[in-house]
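This report concerns only the one structure given below.
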Protein chains: 2
Amino acid sequence: MTVNAKKAKPARERIIDAANKLFYQEGIRAVSVDAVAEKAGITKKTLYYHFKSKDDLVAEYLSSRDQPNLKLFETWFESAEGDTADKVEAIFLELAKSARHPKWKGCGFLRTAAELANLPGHPAMKIGSEHKKKFEDWLAKQFIKNQLDDPAAIARQIVLLMDGAFSTMLVHRDAAYAEEAGRAAKSIVRAHIDAEIQH
Amino acid sequence: MTVNAKKAKPARERIIDAANKLFYQEGIRAVSVDAVAEKAGITKKTLYYHFKSKDDLVAEYLSSRDQPNLKLFETWFESAEGDTADKVEAIFLELAKSARHPKWKGCGFLRTAAELANLPGHPAMKIGSEHKKKFEDWLAKQFIKNQLDDPAAIARQIVLLMDGAFSTMLVHRDAAYAEEAGRAAKSIVRAHIDAEIQH
DNA sequence: TCAGGCAAACTCACTGGTTAGTATACATAG
DNA sequence: CTATGTATACTAACCAGTGAGTTTGCCTGA
């Protein structure tokens, strides 16, 4: 790859791309600013021209993952066969599939929150919290569409299973946890669909 | 504090105590070996006399939390009123209570796994995995006692909700997630108790 | 059309401080 | 006298962030 080929993308974008790969693969504190700059093919000073600090870069890294991640879950949901319960389970089954990739390292938002737990005011923490909340709200909206009772509670139970799946799969390196979480999620949603029909 | 008062506990024990507090509060990579040595009131060389590396110390830190943590969950379960479903919910309610403490920083095992996700062979990862598995097995054993069907699957669903509660509470700093997880866990167990009675 | 200016984007070389880990020596207890 | 434990002082690498200066591309005015 030539220098010109690299420069096809503007520097700021290349920095975010590099940060994405390195922070997700290695962790925040394990990756130096120098390493990100080198991977982006620029000098550290240029990085500091575009981002005012490492913390700022970390926040931008998470921001850049927000929409793509949400979109992915929505696609998994929408393109699944069956009723809402099946579609919810599909998210977990796709997640299990992803987790089997050797480069899978859990949820970047959860891992960042775990690593920065001692800095509750860190900008990245707020971005992570908002991202997770958006997913929970989107789920609740799907349940409202289906006129399920207490959509917020069901959505919350699903995200609990989802983040549980992320965590346990990272600890055990076993994608079967997401499949079990999917079964639990499906049966929770199914129970509420049945309740609605009877009523 | 005199030197003698410090020496009441052997150095090794004081190092583990210091590592416990610092690694849990601040994170693994955020805490230097110097900081642990200083908190323990010894020099770094003494620390390296007792532990061969920082990685070794991290593994010992997690090992030291294994039994106390399991014991705590068992106590919460056993001292709760009601049937098995209520006792399972009690674990989540006590967890929510703990999480409201300002010094609460999630589950040390999960946070360590998140931070060391790029080092799958790290000794601490194995200890974390075994700890979580022990809790899952202990739960399954409780369900076997009650002659519930498929105790392993129920136990796994409960730990998924539990680790989900740990994660979401860390991200949102909101103990309500553990309470919702408790409701979900209780109704899963209750459903299986009812199924058993009908049969 | 082109000189001149200017700001954005960039590089090289550096600072002060921190990191994990160690060489050497000294103390104390059995 | 030997094994265990401790301290001082060090290394070599690495860290986030910066000072000073250079290139690039675009706009302006004659």
Side-chain angles (χ1 to χ4, degrees), chain A residues 1-20 22-23 25-62 112 115-116 118-119 121-125, chain B residues 1-20 22-23 25-62 112 115-116 118-119 121-125:
Chain A
M1 185 188 293
T2 69
V3 172
N4 278 343
K6 273 187 182 178
K7 290 208 174 173
K9 272 191 178 182
R12 191 192 153 86
E13 204 170 324
R14 275 183 294 139
I15 295 166
I16 296 264
D17 286 352
N20 242 299
L22 289 174
F23 285 150
Q25 279 301 315
E26 312 290 333
I28 305 298
R29 284 199 246 244
V31 170
S32 69
V33 176
D34 295 80
V36 175
E38 191 189 337
K39 179 136 192 146
I42 48 118
T43 64
K44 183 160 53 166
K45 195 65 214 267
T46 300
L47 189 151
Y48 275 99
Y49 175 80
H50 291 283
F51 304 92
K52 74 175 217 292
S53 65
K54 184 180 182 182
D55 288 340
D56 184 36
L57 178 60
V58 171
E60 293 291 330
Y61 145 62
L62 279 193
T112 302
E115 204 167 345
L116 305 183
N118 59 326
L119 307 167
H122 196 291
M125 293 293 275
Chain B
M1 186 188 291
T2 68
V3 173
N4 278 342
K6 275 186 182 178
K7 289 206 174 174
K9 271 191 178 182
R12 191 192 153 85
E13 203 171 324
R14 275 183 296 140
I15 296 166
I16 295 264
D17 286 352
N20 242 297
L22 290 174
F23 285 150
Q25 279 302 315
E26 312 290 332
I28 305 298
R29 284 200 247 243
V31 170
S32 69
V33 176
D34 295 79
V36 176
E38 191 189 337
K39 179 137 190 144
I42 48 115
T43 64
K44 185 158 54 164
K45 187 65 221 239
T46 300
L47 189 152
Y48 275 99
Y49 175 81
H50 290 283
F51 303 91
K52 75 176 215 292
S53 65
K54 184 180 182 180
D55 287 341
D56 183 36
L57 178 59
V58 171
E60 293 290 331
Y61 144 62
L62 279 192
T112 303
E115 206 167 344
L116 306 183
N118 60 325
L119 307 167
H122 196 290
M125 293 292 275

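Below, read A as the first sequence line, B as the second, and so on, with proteins coming before strands; counting in each chain starts at 1. No hydrogens, no waters, no symmetry mates; every other heavy atom, side chains included, goes into these values. Predicted model only: the values in this text are computed from it and were never measured.
Distances shorter than 4.0 Å separate none of the side-chain N or O atoms of B:His50 from OP1 or OP2 on D:dT4. OP1 or OP2 of C:dT11 has at least one side-chain nitrogen or oxygen of A:Thr43 nearer than 4.0 Å.
Contacts of B:Arg12 classified as salt bridge (Lys or Arg N to Asp or Glu O under 4.0 Å), with partners at least two apart in sequence or in another chain: B:Glu60.
B:Leu47 has its CG atom 18 Å from the P atom of D:dT4, to the nearest Å. For A:Phe51 and C:dA9, the CZ to P distance is 12 Å, given to the nearest whole Å. Rounded to whole Å, atom P of C:dC10 lies 7 Å from atom CZ of A:Arg14. When rounded to the nearest whole Å, the span between CG of A:Leu57 and P of D:dG17 equals 10 Å. Between the OH atom of A:Tyr49 and the P atom of D:dT24 there is a distance of 16 Å, rounded to whole Å.
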How does each nucleotide of nucleotides 17-23 of chain C score, in 5' to 3' order, for protein heavy atoms under 4.0 Å: base (B), sugar-phosphate only (S), or none (-)?
--SBBBB

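Put simply, OG on B:Ser32 and NZ on B:Lys44 are 7.5 Å apart, with the number rounded to the nearest 0.5 Å. A distance of 9.5 Å separates CD1 in B:Ile16 from CZ in B:Phe23, rounded to the nearest 0.5 Å.
A:His122 places none of its side-chain heavy atoms less than 4.5 Å from the side chain of A:Thr112. Under the 4.5 Å side-chain criterion, counting only non-hydrogen atoms from C-beta, A:Val33 is not in contact with A:Leu57. When side chains are defined from C-beta on, A:Met125 does not count as touching A:Leu119, because their heavy atoms never get closer than 4.5 Å.
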